[in-house]
Amino acid sequence: MPRRPAFHRRVLDWFDVHGRHDLPWQASRDPYRVWVSEIMLQQTQVKTVIPYYQRFLQRFPDVHALANAEQDEVLHHWTGLGYYARARNLQKAAQVVRDEYAGEFPASLEDLAGLPGIGRSTAGSILAAAFGQRGIILDGNVKRVLARHRAVEGWPGKTAVHDALWEIAEELTPRERHADYNQAMMDLGATLCTRSSPRCGDCPVAADCVAREQGNPGAYPGKKPRKTMPVRNTRFFMARNPAGELWLEKRPAPGIWGGLWCFPEAGERDPAAWCLDVFGAEPGSIEAWHEFRHTFSHYHLDIQPVLLHVPAPAAAVMEADRQLWYNVRENPRIGLAAPVVDLLRQLATGSSPAAGTRKSPKAKE
DNA sequence: AATTCGGGGAG
DNA sequence: CTCCCAGAATT
């Protein structure tokens, strides 16, 4: 009786017929383009990345354009994509490639993984996709496929589980068609071996899949332990001058929204006192907007926006590199935190959400 | 080993 | 609402 074809053979044959072959970053083996796509795709779905990728490549077509750009403009093109350290590291790495590799990407796993923002899996993916070498990947898709196929128990966030999955990935990755195999495994996880209701009937490696034999593919990989997410509170002071511009501050590099521009966050500070402090003038009016919730992966942030009308422009106080008056009509090339984008849009269109309680005896202008 | 980094797609 | 996405860096 005929032996069952090797794992990678079945995966590759399936890929040739059913894999994804038309994603934007598959049109070229240019290491720069491969690299940008890999970074954007970290913890981010393909559908979300595509428009960002197109705009980014149009503005930064090669590694020199990126290395020489203003960080604000890089973050501008990352606004809304999240995990902004990726963008900061991306530009740092571009500068390393420019300065230490003469503008040519290194073709070794060690050198790639030495660049900021490139870890073990991303380095393996670039090695295969851009250089045709045997690079091994272990992303969310591959983890799911392998955990099911070998019935690896436990949450991959645990080191032992993670290491076991890497071991299997190493073992199964073939010595041929490296780029296609990696793409095939990701396609398998993204289109067939999905988190819920996997289509085992169409899977090329279902015959020896242990989870399927057990009848419980949904049990793999193990789920992350639940934790109740903490709720933090903050207020955004939206100071608007007579020209209609909004006061923004650049956030420090480590921390949430690092490098992005945001409304000043105020704890318990009194808005009128803050205004006097920063602008040397009492606000003409203070208007509290309704509180809304912005949720991160590890906590909720309840934000109370407070609109202050600053009567006179105060020129002398501004530190140009970390404070600015934002003109909505000019669309400055800077990175903005997602809730700030929403609030600026509301301020521009005048569609302020049913203004809440007035916190000042003075009426809205 | 555990935390910290976003925002949204899809159920 | 929940779960998690082509993970890496930091503590």
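These values consider heavy atoms only, across backbone and side chains, with no hydrogens, waters or symmetry-generated copies.
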Trainee: Determine whether the aromatic ring centres of A/W289 and A/F236 lie less than 6.0 Å apart.
Mentor: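 For A/W289 and A/F236, the ring centres are not under 6.0 Å apart.
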Trainee: Using 30° and 60° as the class boundaries, would you call the ring planes of A/W257 and A/H294 parallel, tilted or perpendicular?
Mentor: tilted
Trainee: Just the atom pairs and distances: protein N or O near nucleotides 9-11 of chain C's N or O, under 3.5 Å.
Mentor:
{"from": "C/dA9", "atom 1": "OP1", "to": "A/G117", "atom 2": "N", "distance (Å)": "2.6"}

Trainee: Would you say C/dC3 has OP1 or OP2 under 4.0 Å from some side-chain N or O of A/R226?
Mentor: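 Yes, such a contact exists.
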Trainee: Closer to the 5' end of DNA chain B via nearest nucleotide, is it A/G258 or A/G157?
Mentor: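 Looking at the nearest nucleotide for each, A/G157 comes out on the 5' side.
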Trainee: Under 4.0 angstrom, heavy atoms only, what part of the nucleic acid is A/S297 near: base, sugar-phosphate, or nothing?
Mentor: base
Trainee: Check this one for me: any side-chain N or O of A/H294 less than 4.0 Å away from OP1 or OP2 of B/dG7?
Mentor: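 It does, given that an N or O in the side chain of A/H294 lies less than 4.0 Å from OP1 or OP2 of B/dG7.
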Trainee: Looking for any heavy atom pair under 4.0 Å, which part of the strands does A/A85 touch: base, sugar-phosphate only, or nothing?
Mentor: nothing
Trainee: Roughly how far apart, to the nearest Å, are C/dA6 and B/dG11 at atom P?
Mentor: 14 Å
Trainee: Would you say A/K224 places a side-chain N or O within less than 4.0 Å of OP1 or OP2 belonging to C/dT2?
Mentor: no
Trainee: Whether A/W78 contacts B/dG7 is assessed here as follows: a side-chain N or O lying under 4.0 Å from the phosphate OP1 or OP2. Is that the case?
Mentor: no
Trainee: For a quick test of reading the model: is some side-chain N or O of A/Q43 closer than 4.0 Å to OP1 or OP2 of C/dG7?
Mentor: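 For A/Q43, the contact criterion (side-chain N or O under 4.0 Å from OP1 or OP2 of C/dG7) is met.
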Trainee: Among residues 176-192 of chain A, which contact DNA chain C at a heavy-atom distance under 4.0 Å?
Mentor: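 Contacting residues: A/Q183, A/M186.
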Trainee: Phosphate oxygens OP1/OP2 of B/dG7: is one of them under 4.0 Å from a side-chain N or O of A/Y84?
Mentor: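 Result: yes.
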Trainee: State, yes or no, whether a side-chain contact exists between A/F60 and A/E73 at a heavy-atom distance under 4.5 Å.
Mentor: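 They are in contact (side-chain heavy atoms under 4.5 Å apart), so the answer is yes.
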Trainee: For the residue pair A/R120 and A/W166, would you count it as a cation-pi contact if the rule is NZ or CZ under 6.0 angstrom from the ring centre and within 45 degrees of the ring axis?
Mentor: yes
Trainee: For the side chain of A/T44 and the base of B/dG6, is some donor closer than 3.5 Å to an acceptor across the two?
Mentor: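 For A/T44, whose side chain was compared with the base of B/dG6, there is a donor-acceptor pair (under 3.5 Å).
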Trainee: Examine C/dT2: is either OP1 or OP2 under 4.0 Å from a nitrogen or oxygen in the side chain of A/K223? Give yes or no.
Mentor: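 No, because none of the side-chain N or O atoms of A/K223 sits under 4.0 Å from OP1 or OP2 of C/dT2.
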Trainee: Go through it in stages, so that I can follow the logic: the residues are A/L188 and A/N141, the test is side-chain contact (heavy atoms from CB on, under 4.5 Å), and I'd like the CA-CA distance, side-chain angles, deciding distance and then a yes or no.
Mentor: CA-CA 8 Å; A/L188 209 49; A/N141 291 309; over 6 Å; no
